Enquirer: 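What follows is a structure written as structure tokens; I'll ask about it next.
Side chains are part of it too, since the values below use all heavy atoms of this structure and drop only hydrogens, waters and symmetry mates. Remember, it's a predicted structure, so these values are computed and weren't measured experimentally.
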Amino acid sequence: MKIFADGADLETMISLAKDPLIAGFTTNPTLMRKAGVSAYEPFARKILESVTDVPVSFEVFADDADEMLRQARIIASWADNVHVKIPVTNTAGVSSESVIRELSRDGVRVNITAVMTLGQVRDVAAALASGPPSCISVFAGRIADTGRDPIPVMRDALAITSHHLGLELLWASPREALNVRQADDLGVDIITLTPDLLAKTRAFGKDLAEFSLETVQMFHRDAAAAGYVL
């Protein structure tokens, strides 16, 4: 399973580009705004100067189909390793299927984002049929946020995407390191990880007694550093 780093901190992304574990990068306007990015294209081009040999997904921010197409073609022109993120619908809930189909037909590699239902997976997969390598990002973490188990959804989504050559299923918005194991066990193609979650995977296989002791030591160290007294 491939790991894509998810974020918008320029220095972190450039640093992770040197990590052989990272097979790609994703970002979105919300992450970019949170990171203080004020100019979209200069930020993207700066990343692409350092990230040249793995996929990088940048998202359109238009809400109109024609403008989505225009922005998508601009973004795709920045580098050969760019994937254009297209939201599965616009803000009124109107499907982006026609946009996805046209871009795929024209050879643009896309990453369909904010997907949460199997109906959306089916429609998007059909729109991407016979197109260039692309992926469908199912927001498993957000599905879990609603109290639903995302595992059955991801299993059924994989059954759909596996019938389409060059189409990959991406487990998006993971909430804990365990999701990496769950996604890998299912056979999902890609998972996105924030730097915090990526760091947590370093504990995979760690001895639990050792981990317990380190946790106790951390609590004791932090209480002393804070100067707590009773």
Enquirer: Please report the interatomic distance CG(L167) to OG(S134), rounded to the nearest 0.5 Å.
Expert: 7.0 Å
Enquirer: Regarding E102 and R73, does a basic nitrogen lie under 4.0 Å from an acidic carboxylate oxygen?
Expert: yes
Enquirer: What residue among N111, T113, N28 forms side-chain hydrogen bond (donor to acceptor under 3.5 Å, both in side chains) with S137?
Expert: N111
Enquirer: Would you say L178 ends up clustered with L193 if hydrophobic residues are merged whenever their side chains have heavy atoms under 4.5 Å apart, either directly or through other cluster members?
Expert: no
Enquirer: At what distance, to the nearest 0.5 angstrom, does OG1 of T91 lie from CG of D63?
Expert: 3.0 Å
Enquirer: Is any NZ, NE, NH1 or NH2 atom of the basic residue among K200 and E176 found under 4.0 Å from an Asp or Glu carboxylate oxygen of the other?
Expert: no
Enquirer: Taking it one step at a time, do I190 and V188 satisfy side-chain contact (heavy atoms from CB on, under 4.5 Å)?
Expert: CA-CA 6 Å; I190 307 166; V188 171; 5.6 Å; no
Enquirer: Show the nearest heavy-atom pair for residues V84 and A72, with the distance to one decimal.
Expert: CG2-O, 3.5 Å
Enquirer: Any sub-3.5 Å donor-acceptor pair from T89's side-chain atoms to S95's backbone N or O?
Expert: no
Enquirer: Please tabulate, for side-chain N and O atoms in residues 20-27, each donor-acceptor pair with protein atoms closer than 3.5 Å (sequence neighbours left out).
Expert:
| unit_1 | atom_1 | unit_2 | atom_2 | d |
| --- | --- | --- | --- | --- |
| T26 | OG1 | D6 | OD1 | 2.7 |
| T27 | OG1 | G7 | O | 2.8 |

Enquirer: Checking S50 side chain against I47 main chain: does a donor-acceptor pair fall under 3.5 Å?
Expert: no
Enquirer: Under 3.5 Å, side chain of S212 to main-chain N/O of L208, donor-acceptor pair present?
Expert: no
Enquirer: Is the number of heavy atoms from other residues, nucleotides or ligands within 6.0 Å of NZ (K206) greater than 12?
Expert: yes
Enquirer: Could you check whether atom CD of E210 has more than 12 heavy atoms from other residues, nucleotides or ligands sitting under 6.0 Å from it?
Expert: yes
Enquirer: Working to the nearest 0.5 angstrom, can you tell me the gap between M68 CE and N90 CG?
Expert: 5.5 Å
Enquirer: With side-chain contact (heavy atoms from CB on, under 4.5 Å) as the criterion, how do L169 and M154 come out once you've worked through the C-alpha distance, each side chain's angles and the decisive distance to 0.1 Å?
Expert: CA-CA 9 Å; L169 179 65; M154 298 304 291; 3.9 Å; yes
Enquirer: Of all the heavy-atom pairs spanning P195 and T12, show the shortest one and how long it is.
Expert: CG-CG2, 3.8 Å
Enquirer: Are M1 and V153 joined in one hydrophobic group, where the rule is that I, L, V, M, F, W and Y side chains link up if heavy atoms are under 4.5 Å apart?
Expert: yes
Enquirer: Examine I75 and L103 and state if one hydrophobic cluster contains both, with Ile, Leu, Val, Met, Phe, Trp and Tyr joined whenever side-chain heavy atoms are less than 4.5 Å apart.
Expert: yes
Enquirer: Could you list the donor-acceptor pairs under 3.5 angstrom formed between side-chain atoms of residues 122-132 and any protein atom two or more places apart in sequence or on another chain?
Expert:
none

Enquirer: How many angstroms lie between atom CD1 of I3 and atom CH2 of W171, to the nearest 0.5 angstrom?
Expert: 13.5 Å
Enquirer: Would you please classify the geometry between the F58 ring and the W78 ring as parallel, tilted or perpendicular, with 30° and 60° separating the classes?
Expert: perpendicular
Enquirer: Report yes if the side chains of D184 and L186 come closer than 4.5 Å at any heavy-atom pair, otherwise no.
Expert: no
Enquirer: Between D185 and Q182, is any side-chain donor less than 3.5 angstrom from a side-chain acceptor?
Expert: no
Enquirer: Counting distance only, does the side-chain N/O of S96 pair as donor-acceptor with the main-chain N or O of P87 below 3.5 Å?
Expert: yes
Enquirer: Locate the shortest heavy-atom distance separating I160 from H164; write the atom from each residue and the value.
Expert: O-CD2, 3.3 Å
Enquirer: Check whether any side-chain heavy atom of C135 sits under 4.5 Å from a side-chain heavy atom of D189, and report yes or no.
Expert: no
Enquirer: Counting N and O atoms only, with roles assigned by atom type, does the side chain of D106 sit under 3.5 Å from a partner on the main chain of V108, one being a donor and the other an acceptor?
Expert: no
Enquirer: Should the pair E97-R101 be classified as a salt bridge under the 4.0 Å nitrogen-to-oxygen rule?
Expert: yes
Enquirer: Would a hydrophobic clustering, with Ile, Leu, Val, Met, Phe, Trp and Tyr connected at side-chain separations under 4.5 Å, put V110 with V88?
Expert: yes
Enquirer: Looking only at heavy atoms, which two atoms of I191 and A183 are closest? And how far apart?
Expert: CD1-CB, 4.1 Å
Enquirer: Heavy-atom count around F219 CZ within 6.0 Å, excluding the residue itself: above 12?
Expert: no
Enquirer: Show your working on side-chain contact (heavy atoms from CB on, under 4.5 Å) between V138 and T117 and close with a plain yes or no.
Expert: CA-CA 8 Å; V138 177; T117 74; over 6 Å; no
Enquirer: Quick check for you: to the nearest 0.5 Å, what is the distance between E59 atom CD and I86 atom CD1?
Expert: 8.0 Å
Enquirer: If Ile, Leu, Val, Met, Phe, Trp and Tyr residues are connected whenever their side-chain heavy atoms lie under 4.5 Å apart, and connections chain through other members, are V121 and V94 in the same group?
Expert: no
Enquirer: Quick one: does any side-chain atom of N179 pair with a main-chain N or O of R175 as donor and acceptor, under 3.5 Å?
Expert: yes
Enquirer: Short question: side chain of S104, backbone of I100 - any donor-acceptor pair under 3.5 Å?
Expert: no
Enquirer: Please lay out, stage by stage, how D9 and K46 fare under the test salt bridge (charged side-chain N to carboxylate O under 4.0 Å, His left out).
Expert: CA-CA 11 Å; D9 179 77; K46 192 69 177 176; over 6 Å; no
Enquirer: Compare every heavy atom of L197 with every heavy atom of A177, then report the nearest pair and how far apart it is.
Expert: N-CD2, 3.7 Å
Enquirer: Measuring from atom CE of M13 to atom CG of L16, what distance do you get when rounded to the nearest 0.5 angstrom?
Expert: 8.5 Å
Enquirer: Could you check if a side-chain atom of V82 sits within less than 4.5 angstrom of a side-chain atom of D80, using non-hydrogen atoms only?
Expert: no
Enquirer: Donor-acceptor pair, N81 side chain versus V54 backbone, under 3.5 Å?
Expert: yes
Enquirer: Please report the closest heavy-atom contact between A62 and E67, naming both atoms and the distance.
Expert: CB-CG, 3.3 Å
